[in-house]
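Numbered from 1 within each chain, the chains take letters A, B, ... in sequence-line order.
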2 protein chains.
Amino acid sequence: MTTLSPSGPAAGQRKVRRATMNDVARLAGVSIKTVSRVVNDEPGVHPSTAERVLAAIDQLGFRRNLSARNLRRGSSTGTIGLVLEDVGNPFYSGVTRAVEEIARLRGRQVISGSSDEDPGRERELALEFCSRRVDGLLIVPAGLQHSYLVPEMRAGTPVVFLDRPAGDVVADTVLVDNIGGTVEAVTHLAAHGHRRIAFLGDAPDIFTANERLRGYREGCVRAGIGYHEELVAMGPHDESTVVTTLQRLQSMRDPATAIVAGNNRITVHILRALAGVAEKPALVGFDDFELADLLSPPVTVIAHDASALGKAATDLLFARLDGDNSPPRRVVLPVRLVPRGSGEVHA
Amino acid sequence: MTTLSPSGPAAGQRKVRRATMNDVARLAGVSIKTVSRVVNDEPGVHPSTAERVLAAIDQLGFRRNLSARNLRRGSSTGTIGLVLEDVGNPFYSGVTRAVEEIARLRGRQVISGSSDEDPGRERELALEFCSRRVDGLLIVPAGLQHSYLVPEMRAGTPVVFLDRPAGDVVADTVLVDNIGGTVEAVTHLAAHGHRRIAFLGDAPDIFTANERLRGYREGCVRAGIGYHEELVAMGPHDESTVVTTLQRLQSMRDPATAIVAGNNRITVHILRALAGVAEKPALVGFDDFELADLLSPPVTVIAHDASALGKAATDLLFARLDGDNSPPRRVVLPVRLVPRGSGEVHA
DNA sequence: GGCCACTATGACAACGTTGTCCCCCAGCGG
DNA sequence: CCGCTGGGGGACAACGTTGTCATAGTGGCC
């Protein structure tokens, strides 16, 4: 068993220069090109030579320098850039997982970053990835301007937007059926007798928030219960704004008996705010979340699969990398209402 | 508003060569070195010249090629490699988020990948990152052999292991107090009168699972209730193995009245298995999780902060990058029992 | 025995950038 | 008018790798 202790051979000298193919070549008594051939499994190297080279590689701890390789080869860096809103959000970490999975099957490494809904940060991340010459870019847009990506798109770097559309470029986009989902949520609640249905959504400049609001409105109209401004509260929301909003909704002349929550974070805030309350309003949340089925009552949600979203976007990206140059596509993934109990509560 | 449509200037030619500093130099009528100076904000360029260069950069959509830059400069690639078990697990996505945060403050990009508890995959990812010449490496070990990293450590690349220790190298490590946590869990349950306390843990070759088992055993001994083999079930666990295990524990001569769950996934499996059951055993789970407080009964847990873990590890890594070459450190982060109700249930 | 085909290997340039060193020229003092 | 200074800018090599082409040796065939 090899144990590198601090008093071992590494001590004393802080930085040892990394071995290069040149060093390996010298040690093995061959030319650098032969080393390259061995490292890349190219044919035409005598087995005994290869063995000497491998021994030298092992002895020196050589690792091929991918920066140099990518520079020389010019083509693929074997990386995919992923810009999302927040890896910490389970929804996006699910997306990340799916992207990673597929990228792995296709021999690509994912580099990712969180924009935190900041358009400047999104741009910064995306451009950083471009400088690293990623083979493709997956972006959950924070902003509405994406013309900064025009040079990359011209250069043939595929870009796929997910969860939200791009602002001012025409590009592949994978969305979920936000409108259909909230329409269904409202319809479901109305079918259970609710006529005063509130909507708590995220900041309206976020595409999904706005779409879901539209769906809510359309659902209200279709259900014949009308759209009432005072039942809507758009974000940004946090623990305390949700509490005050709920108080307002309860203390109205004609109080809300049901709530549609615009995303998983808002749903959780609502659940927490209602924790002590005996008479809970009915609730349907957009986004499914773990344990929703184990709460009491279990939470009815509009479910859509994070990994399906990630997969669809990544598949599309790889199709482009494989040479598909048909016109940009817009994919809308279906959502489904999962009735669990909270949306069927009677007022 | 610039809109790049498929029939726009990009159509027809599929791949356009990316502009280089050379192209920019030619267009601006300067030498390539001057372009470099402008791009890197080096002094000694006349404002009017800089302006011409910037215009050319903009016109050509030039982005500096980081592969070439890193190759030439040799020093830092501005990246940190993160190998974890599964980004999809909220615990690790919390870690990821914290790492990303700090890396960002220090001007580094994170590249990450999931090992899925596969030592081979862990190694593959880590070596891939090494080939990309990351400035540092954060690893949640899946395997027990890490001597493959000796060359990198010799070359001065700092490596920090987190959540679990490395197998056969001495290196910085950040852990949580697994033993203390399970001791506390058992103590807590025993204090509430439980004498038949079961332990469901992950596969015993996983460091944390093993440590937690040790803590469980020690807790049993200290509480004077003895360690009983038949109350222990080590994983891997899934939905169905948990169900059968629980049945076994219930149908014993002297059934278990309380359970300690070895991690968040197991806790969730148990909760789901017990969902319909009226007489639930007491439960304390290792790892906190969102909504634990909203279940009924709310779930008592051994909490430890994913972001604290990520932060501690990343801080340590950056300290090394800043030149700290004191002997390898082992940091153990405290855990705390969060009593919420499920651990106080009486049999 | 001369020529060819083929295998194993090497020399060299090039990828895009930056560090080093050098040059040109305007301005200024003597 | 000469030499010196300093700002602005360029030529060139080098980073570590790989693609292209060349070459030495070996064995077979007419």
Side-chain angles (χ1 to χ4, degrees), chain A residues 15-54 56-57 60-78 128 130-134 151-152 155, chain B residues 15-54 56-57 60-78 128 130-134 151-152 155:
Chain A
K15 276 273 190 196
V16 180
R17 199 178 57 82
R18 295 237 46 153
T20 68
M21 282 193 177
N22 232 315
D23 303 320
V24 175
R26 207 166 14 238
L27 181 60
V30 296
S31 83
I32 178 179
K33 179 66 210 189
T34 297
V35 177
S36 172
R37 279 193 260 260
V38 171
V39 169
N40 292 292
D41 274 324
E42 282 172 35
V45 179
H46 195 92
S48 69
T49 311
E51 202 170 334
R52 269 195 350 268
V53 171
L54 288 173
I57 286 177
L60 296 175
F62 166 81
R63 312 262 190 250
R64 88 130 87 52
N65 182 328
L66 281 181
S67 284
R69 169 174 233 249
N70 292 334
L71 175 59
R72 173 63 236 241
R73 317 216 342 166
S75 49
S76 156
T77 57
E128 158 95 24
C130 291
S131 275
R132 294 193 187 279
R133 295 291 187 270
V134 291
E152 335 303 325
Chain B
K15 277 272 192 196
V16 180
R17 198 177 59 83
R18 294 236 47 154
T20 70
M21 283 195 176
N22 233 316
D23 303 321
V24 175
R26 207 165 15 238
L27 181 59
V30 296
S31 85
I32 178 179
K33 179 67 210 189
T34 297
V35 177
S36 172
R37 279 194 260 261
V38 171
V39 169
N40 292 291
D41 274 324
E42 283 171 36
V45 179
H46 195 92
S48 68
T49 312
E51 202 171 334
R52 276 203 334 275
V53 171
L54 288 173
I57 286 176
L60 295 175
F62 166 81
R63 313 261 191 252
R64 106 144 51 73
N65 182 328
L66 281 181
S67 285
R69 168 175 233 250
N70 293 335
L71 175 59
R72 174 61 238 237
R73 316 219 338 167
S75 49
S76 157
T77 57
E128 158 94 25
C130 292
S131 275
R132 293 192 188 280
R133 294 292 187 270
V134 290
E152 335 302 326

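A:G44 comes within 4.0 angstrom of a nucleotide base, judged by non-hydrogen atoms across all strands.
With values rounded to the nearest 0.5 angstrom, B:I57 atom CD1 is found 10.5 Å from B:L27 atom CG.
Regarding B:R52, its CZ atom lies at a distance of 11 Å from the C1' atom of D:dG9, rounded to whole Å.
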Give every donor-acceptor pair under 3.5 Å between a side-chain atom in residues 41-48 of chain B and any protein atom, sequence neighbours left out.
none

Query raised in the report: How does protein contact run along nucleotides 13-21 of chain D, one letter per nucleotide 5' to 3', with B for base contact, S for sugar-phosphate only, - for none, heavy atoms under 4.0 Å?
Result: BBBBBBBB-
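For B:D23 and B:R18, the salt-bridge test fails: no basic side-chain N is under 4.0 Å from an acidic carboxylate O.
Residues B:M21 and B:K33 form no side-chain contact, since every pair of their non-hydrogen atoms from C-beta on lies 4.5 Å or further apart. Between B:R133 and A:L66, every side-chain heavy-atom pair lies at or beyond the 4.5 Å cut-off.
A close approach under 4.0 Å does occur between a side-chain nitrogen or oxygen of A:T49 and OP1 or OP2 of C:dT9. Between B:T34 and D:dG10 there is a side-chain polar atom (N or O) within less than 4.0 angstrom of OP1 or OP2.
Scored by the side-chain hydrogen bond (donor to acceptor under 3.5 Å, both in side chains) test, B:R69 finds B:N40 as partners (sequence neighbours excluded).
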